[in-house]
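Taking it in order: structure first as structure tokens, then the write-up.
Throughout, a chain's letter reflects where its sequence line sits, starting with A, and its residues are numbered from 1.
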Amino acid sequence: MSAGADRRFDHWFAQRGWKIFPFQREVWRAALKGDSGLLHATTGSGKTYAVWFAALLRAAATKEKGRRKAGLRVLWITPMRALAADTLRALQTSAADLAPAWTVDARTGDTSSGDRARQARRLPDALVTTPESLTLMLSNADARERFAQLDMLVVDEWHELMGNKRGVQTQLALARLRLWNPGLVVWGLSATLGNLARAGEALLGAAPVKPGVTVEGRVRKDIVVDTLIPDHPSRFPWAGHLGIQMLQPVIAEIERHATTLVFTNTRSQAELWYQNLLDARPDWAGRIALHHGSLDREVRDWVELGLKSGQLKAVVCTSSLDLGVDFLPVERVLQIGSAKGVARLLQRAGRSGHAPGRASRVTLVPTHSLELLEAAGAKQAVAERDIESRPVPDKPLDVLVQHLVTIALGGGFRSGELYEEVRGAWSYRDLTPEEWQWALDFVARGGQSLTVYPEYRRVLPDGEGVYRVPDAAIARRHRMGIGTIVSEASIQVKFMSGGRLGSVEEGFISRLRAGDHFLFGGRILEFVRVHEMTAYVRRATGAKGAVPRWQGGKMPLSSELAHAALERMRLATEGVYDGPEMRAVRPLLEVQQRWSALPTPGVTVVERMRSREGHHLFMYPFAGRAVHVGLASLFAWRLARARPATFSIAVNDYGFELLAPEEVAWPDTMDLFSDERLLEDVLASLNATELSQRRFREIARIAGLVFQGYPGQHKSARQLQASSSLFFEVFRKHDADNLLLTQAQREVLEQELELRRLRATLRELRARAVSLHEVKRATPFGFALMVERFREKLSTEKLSDRVARMLRELEKAAGP
DNA sequence: AGAGCCCTCTCGACAT
């Protein structure tokens with residue numbers, strides 16, 4: 001490291017009264033040597049400056065060698081546009097001091113077209129951008145020339161990207177940039193993960209020139225997790241998810257602190273909490289706010305600004321404030337309901353005490369009694385830093401197909417060369433020549449079944465074997481569809497007078513009639529009419545309204561949290577109830593123990609019960625709701641194979657219930673727990689085709705089969721679903737080997753059913769003892785499932801059989 | 001061996 005540069009940086013930090021952390025210097029040294037790597041650091045630890053100064057040092061060094069030419073030197077990738085703005089400001093101020101000649105800019109969707117035109121002529125020295133914008137730049141014919149001077153690339157919040165298709169798209173872009181600049185230095189910034197080593201590998205590619213370095217940002221961050229204990233734990237409900245009983249304690253917490261973030265798990269829950277807070281404290285109008293992903297960007301900007309300026313006392317939010325509040329003064333973080341995972345809890349805790357050396361604190365607010373148990377487990381898992389891994393997707397072909405068209409636009413490609421390049425991306429390291437050929441054929445001819453449609457012949461080789469996009473309309477359509485995020489079709493919500501509020505899903509609006517009231521954006525609105533995918537509303541008074549529901553993913557409880565909860569129950573069986581959470585949940589656990597038993601890491605509890613509804617079987621494997629859906633359907637299927645029967649199924653994160661109207665001979669559990677023919681049984685027990693078809697919608701969009709429509713004139717969900725279903729059917733009939741179909745099925749099994757975890761759970765079930773109990777009434781664990789029941793109704797009985805059974809019952813009722 | 005649930009399911013980007 002040049003002594004001069006070193007001194008300047010020391011001075012820069014000293015001026016601000018900031019201490020240079022050893023890990024920062026470690027990154028500078030490594031990057032100067034040309035090493036790439038992963039920096040594992042918490043937010044608010046000075047991680048941004050660690051890598052940014054590395055870039056400035058490298059620039060200084062190469063400048064000294066006289067190699068400086070105009071062009072983009074540093075690329076900074078961030079997963080969120082909102083984050084880009086704050087990062088940009090931090091980078092610009094330091095560059096102004098240290099490298100005044102540098103231009104630092106952002107390129108995101110927010111940039112006005114004037115800026116873009118200027119950037120198109122000449123890129124700045126450093127650019128802050130998103131994976132999608134980067135890919136878009138790669139689709140320009142002169143991409144290579146523009147990136148020729150690049151010598152450092154930083155991916156911020158890599159842990160947010162690595163586990164999804166956005167991360168895969170980033171990997172593909174990186175493979176390309178590395179090929180153009182073999183000396184490219186790449187650094188990822190990641191929060192704590194169960195699989196940090198994998199994070200580094202995925203970022204640096206399948207065949208790195210040099211092994212990557214991992215730097216630990218060892219700034220000790222104390223994390224405090226505690227719980228708001230209900231005033232009367234013995235009268236706290238056994239089920240439910242809203243947690244409004246905790247309103248008063250939450251108000252008291254908000255009262256006591258300057259700024260509080262109140263995290264909820266769903267958007268509708270956020271709406272309800274906000275409304276309840278305002279009803280209880282009308283004096284807080286204007287001092288508390290609501291923030292979630294369906295609110296209009298302008299509304300959210302206003303809220304974020306209010307937080308920054310300290311005007312807001314509390315914000316009720318969803319994960320929309322998980323990221324991007326790095327520069328906000330938040331004193332207190334509350335989490336209503338289960339945090340579902342340790343990583344998520346840490347992330348949220350990190351929103352408070354956001355400065356080097358200050359402790360972060362999150363307070364759990366249970367919404368039912370068993371969440372007290374979960375809270376005790378969460379505390380332990382956080383203390384042990386037992387954090388979830390994020391699996392990296394394995395060669396998703398929809399993303400590859402999109403990439404092929406992007407590269408055909410960005411200068412064209414030769415098949416063999418691009419194949420090698422793509423295999424340099426970690427996710428595609430095992431891509432076979434056959435798979436490659438399939439993907440190429442798919443974009444060149446439309447595969448087996450679409451050959452007659454010219455719009456699916458998207459790339460063509462020229463006389464020299466270079467694949468390009470021959471058609472301007474196809475090119476434009478492709479650029480408009482770049483990216484891997486597929487959202488539900490939604491309807492804009494606007495006041496009659498014109499103000500934009502946000503969006504709700506089509507299905508919700510279609511159930512409303514003119515004059516109906518609903519709660520959205522913290523206001524009671526009267527629905528007027530729908531016109532061109534916009535719902536017009538006016539302010540309503542008095543009466544409460546329906547709360548919109550959104551269709552989101554259903555996040556299961558993580559294994560880490562589930563195991564911690566089981567462990568706490570094992571201690572409880574030994575009479576150990578330590579901590580306020582365990583003491584509060586003690587009466588409930590004792591009832592469970594008296595009526596039945598407590599599930600522990602070594603014991604599976606199974607309960608049988610008869611009621612007017614029929615014959616119930618409850619089981620509590622603690623494997624998360626996705627696995628319980630799989631297990632319940634699998635068991636129902638296996639039971640019904642022995643003797644046809646209909647089962648109603650209910651699941652939650654702790655267990656599941658099977659209910660049969662008629663007597664069922666429950667067989668030996670070990671037969672149920674077998675993983676023989678597991679895949680076949682799982683596929684048969686669930687409607688696998690329907691699940692794949694739903695999944696295929698996303699794949700068809702990413703692969704460029706379905707066009708979302710031009711901005712502002714979005715197609716309706718029905719239209720989009722119809723066209724993706726059409727492709728699904730055509731492929732199934734005429735192109736059964738279509739690899740996108742295979743991918744849809746694989747994604748269902750891996751992501752929606754968590755097949756690996758299901759298999760692991762079956763293994764655990766076989767190893768554990770079964771504690772079987774005949775119960776007269778639902779136990780505390782069973783009660784929650786009974787409440788849950790009619791949401792998830794599944795049947796293994798064919799319709800005709802069901803009709804036959806109903807007829808039999810009718811006959812019985814009618815008598816002889 | 002008391003009754004207990006108001007309704008559930010995040011986020012993120014790009015393009016004319």
Over 12 foreign heavy atoms within 6.0 Å of CZ, A/Arg586: yes
If you check the A/Ser319 side chain, which of B/dA15, B/dT10, B/dC14 turns out closest? B/dT10
Describe the nucleic acid contact of A/Ser234 in one word from base, sugar-phosphate, nothing, applying a heavy-atom distance below 4.0 Å. base
The nucleotide from B/dC7, B/dC14, B/dC9 with an atom nearest the side chain of A/Arg625 is B/dC9
Touch check for A/Gly483, heavy atoms < 4.0 angstrom, all strands: base, sugar-phosphate only, or nothing? nothing
Examine the base of B/dA13 for any acceptor or donor lying under 3.5 Å from a partner atom in the side chain of A/Ser487, and report the outcome as yes or no. yes
salt_bridge(A/Asp296, A/Arg500) N-O dist < 4.0 Å: yes
Minimum-distance nucleotide (side-chain atoms of A/Arg267 versus B/dA1, B/dC14, B/dT10): B/dT10
Looking only at side-chain atoms of A/Met480, point me to the closest of B/dC6, B/dT16, B/dC14. B/dT16
I want to verify a distance call: between B/dA1, B/dT8, B/dC5, whose nearest atom is closest to the A/Arg594 side chain? B/dA1
Candidate nucleotides B/dC5, B/dG12, B/dT10, ranked by approach to the side chain of A/Thr318 - the nearest: B/dT10
Could you check which of B/dG12, B/dA1, B/dT10 has an atom nearest any side-chain atom of A/Arg166? B/dG12
Looking at A/Ser133, I'd like to know whether one of its side-chain N or O atoms comes within less than 4.0 Å of OP1 or OP2 on B/dC14. yes
So, A/Arg166 and A/Glu132, do they make that salt bridge, N to O below 4.0 Å? yes
A/Leu272 side chain, from C-beta outward: closest of B/dC9, B/dA13, B/dC7: B/dC7
Quick one: label A/Ile244 by what it contacts on the DNA or RNA (base, sugar-phosphate, nothing), any heavy atom closer than 4.0 Å. nothing
Which part of the nucleic acid, if any, lies within reach of A/Arg549 when heavy atoms closer than 4.0 Å are counted: base, sugar-phosphate only, or nothing? sugar-phosphate
Can you figure out which of B/dC6, B/dG12, B/dC11 approaches the side chain of A/Ile485 most closely? B/dG12
Is A/Arg511 salt-bridged to A/Glu505, going by a charged N under 4.0 Å from an acidic O? no
